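These numbers were taken from a predicted model, which means no experiment stands behind them.
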Amino acid sequence: MNIDLSQKIALVTGSSGGIGKAAAIELGRCGAKVVVHYHGNREGAEQTAETIRSFGTEAAVVRADVTDPGQIRSLVSQAEEAFGSGIDILFNNAGNLIERRGIEDITWDYYRKVMDVNLASTVFVTQAVLPGMKAKGGGSIINMSSLAAHNGGGPGSGIYAASKAAIIALSKSLAKELAPLKIRVNCVAPGFIEETKFHATFTSAEARAATIASIPLGRGGVPDEVGGAVAFLASPYSSFITGETIEINGGVLMR
């Protein structure tokens, strides 16, 4: 499959490392001009952009806090100014567990932080790109869900899991709302993906071993395997797919 995105402009939130980086690089490999977004890791974002440029395409690096409405608007404005037109492909990848907390330890502040970085960012970055995407006559939006949306996640990840389940429901609603505008909306839902800050931070060696033992394919995934699915959903090869969630989990969840 030869995916050609050479006439497209992509925005990938949280693309300084992990899955976001892999997706941004894959979109760039397919020829898209890519806006690499980061919040705290500028060095990682610049490395992502340099890799994209090595393919002979263009990349721009933009910092923003995607839990801040003003900074979201600025992010999209800078993204559109960087390449002179609206966004064709949006991957709402930015998100975080923040920390593991059981129900007795959840505070309003913690709840808001988790929901804002995962769900609210998806809502409001999508909202911000829509005028430019509509002006271009269509586009593809890919949202980041998780296996946790289906199984509740590991210990202390209830709010995170709830936010990821909400993203699937939101994506289905948006898929119906935006279909008349030729804008497709889909999700990717990774399972255990290694080489990410998420599992380096929140998953112990013992939990990693137990998780891998439960995976039918007998290993964890890697970010490139999610990046490839994102590129597929951004491409004409998925032109009749909307409102769908691609499960990338090695067979842990089969629907």
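Ion pair E244/R255 flagged as a salt bridge, since at least one NZ, NE, NH1 or NH2 atom sits closer than 4.0 Å to an Asp/Glu carboxylate oxygen. The existence of a salt bridge linking R101 and E99 is confirmed by a sub-4.0 Å separation between a basic side-chain nitrogen and an acidic carboxylate oxygen. Salt bridge E58/R53: absent, no basic N to carboxylate O contact under 4.0 Å. Between K136 and E80 there is no salt bridge, since no side-chain N of the basic residue sits under 4.0 Å from a carboxylate O of the acidic one.
With contacts defined as side-chain heavy-atom distances shorter than 4.5 Å, the pair L178/I141 qualifies. Put simply, the side chain of F124 does not reach to within 4.5 Å of the side chain of R73, judged on heavy atoms. Side chains of M144 and I167 form no contact here, defined as non-hydrogen atoms less than 4.5 Å apart. Side-chain contact between V35 and F83: present, with at least one pair of heavy atoms (C-beta onward) separated by less than 4.5 Å. Using a 4.5 Å heavy-atom threshold, the side chains of S15 and F91 count as separate. Annotation: side chain of L174 is in contact with side chain of E177 (closest heavy-atom distance under 4.5 Å). For the pair D88/Q7, no side-chain contact is recorded, criterion being any heavy-atom separation below 4.5 Å from C-beta on. Here the side chains of H37 and L75 are in contact, with some heavy-atom distance below 4.5 Å.
In this structure a side-chain-to-backbone donor-acceptor pair under 3.5 Å is present from S238 to L233. Between the N41 side chain and the G17 main chain, no donor and acceptor come within less than 3.5 Å of each other.
For the atom pair CG of L170 and SG of C187, the computed distance is 8.0 Å after rounding to the nearest 0.5 Å. Rounded to the nearest 0.5 Å, atoms CD (Q71) and OG (S121) are 13.0 Å apart. Put simply, NZ on K182 and OG on S239 are 12.5 Å apart, with the number rounded to the nearest 0.5 Å. Interatomic distance, F232 CZ to S140 OG, rounded to the nearest 0.5 Å: 10.0 Å. Atom CG of D109 is separated from atom CG of D116 by 9.5 Å, given to the nearest 0.5 angstrom. Separating the CG atom in L130 from the CD1 atom in I183 is a distance of 5.0 Å, to the nearest 0.5 Å.
There is a path of hydrophobic side-chain contacts, each under 4.5 Å, that joins V123 to M133. Under a hydrophobic clustering in which Ile, Leu, Val, Met, Phe, Trp and Tyr are joined whenever their side-chain heavy atoms come within less than 4.5 Å, directly or via other members, V230 and V222 fall into different clusters. Hydrophobic clustering keeps V226 apart from M254 (ILVMFWY residues linked when any side-chain heavy atoms are closer than 4.5 Å, directly or through intermediates). I215 and V188 fall into different hydrophobic clusters, where Ile, Leu, Val, Met, Phe, Trp and Tyr side chains are chained together by heavy-atom contacts under 4.5 Å. Taken together through direct or relayed side-chain contacts under 4.5 Å among Ile, Leu, Val, Met, Phe, Trp and Tyr, I248 and V252 form parts of separate hydrophobic clusters.
Considering all non-hydrogen atoms of both residues, I212 and G218 come closest at CG2-O, 3.7 Å. When all heavy atoms are compared, the tightest approach of I168 to A149 is CD1-CB, 3.8 Å. Taking every heavy atom of both residues into account, P131 and Q127 meet most closely at CD-O, 3.5 Å. The shortest non-hydrogen separation linking N93 to G14 is ND2-O, 2.8 Å. Considering all non-hydrogen atoms of both residues, I193 and P223 come closest at CG2-N, 3.6 Å. For the residue pair R184 and T242, the shortest heavy atom distance occurs at CA-OG1, 3.5 Å.
Results of the side-chain contact (heavy atoms from CB on, under 4.5 Å) test with P190 over I246, L147, N249, I19 single out I19 as the only residue that passes. For the side chain to side chain donor-acceptor pair (under 3.5 Å) with N92, the lone residue among T13, T126, T122 that qualifies is T126.
There is a side-chain donor-acceptor pair under 3.5 Å between D65 and T67. T51 and Q47 share no side-chain donor-acceptor pair at under 3.5 Å. S171 and N143 form a side-chain donor-acceptor contact under 3.5 Å, judged by distance and modelled atom types alone. In the model, R42 has no side-chain atom that pairs as donor or acceptor with a side-chain atom of S16 under 3.5 Å.
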| message | I'd like to know whether R219 forms a salt bridge (charged side-chain N to carboxylate O under 4.0 Å, His left out) with E194, so could you lay out the CA-CA distance, the side-chain angles of the two residues, the decisive distance to 0.1 Å, and finally the verdict. | response | CA-CA 9 Å; R219 63 173 178 85; E194 303 207 72; over 6 Å; no
| side-chain contact (heavy atoms from CB on, under 4.5 Å) between S235 and L5, intermediate numbers included | CA-CA 7 Å; S235 80; L5 301 175; 4.3 Å; yes
| message | Under the criterion side-chain contact (heavy atoms from CB on, under 4.5 Å), I'd like the reasoning laid out for S146 against Y160: C-alpha separation, chi angles, the key distance, then a yes or no. | response | CA-CA 9 Å; S146 169; Y160 172 83; 4.1 Å; yes
| message | With side-chain contact (heavy atoms from CB on, under 4.5 Å) as the criterion, how do I89 and I142 come out once you've worked through the C-alpha distance, each side chain's angles and the decisive distance to 0.1 Å? | response | CA-CA 8 Å; I89 300 160; I142 302 108; 4.2 Å; yes
| query | Going through the checks in order, is the side-chain contact (heavy atoms from CB on, under 4.5 Å) test met by E46 and Y38? | reply | CA-CA 9 Å; E46 293 289 358; Y38 77 101; over 6 Å; no
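Crowding of Y111 atom OH: a count of heavy atoms from other residues, nucleotides or ligands under 6.0 Å not exceeding 12.
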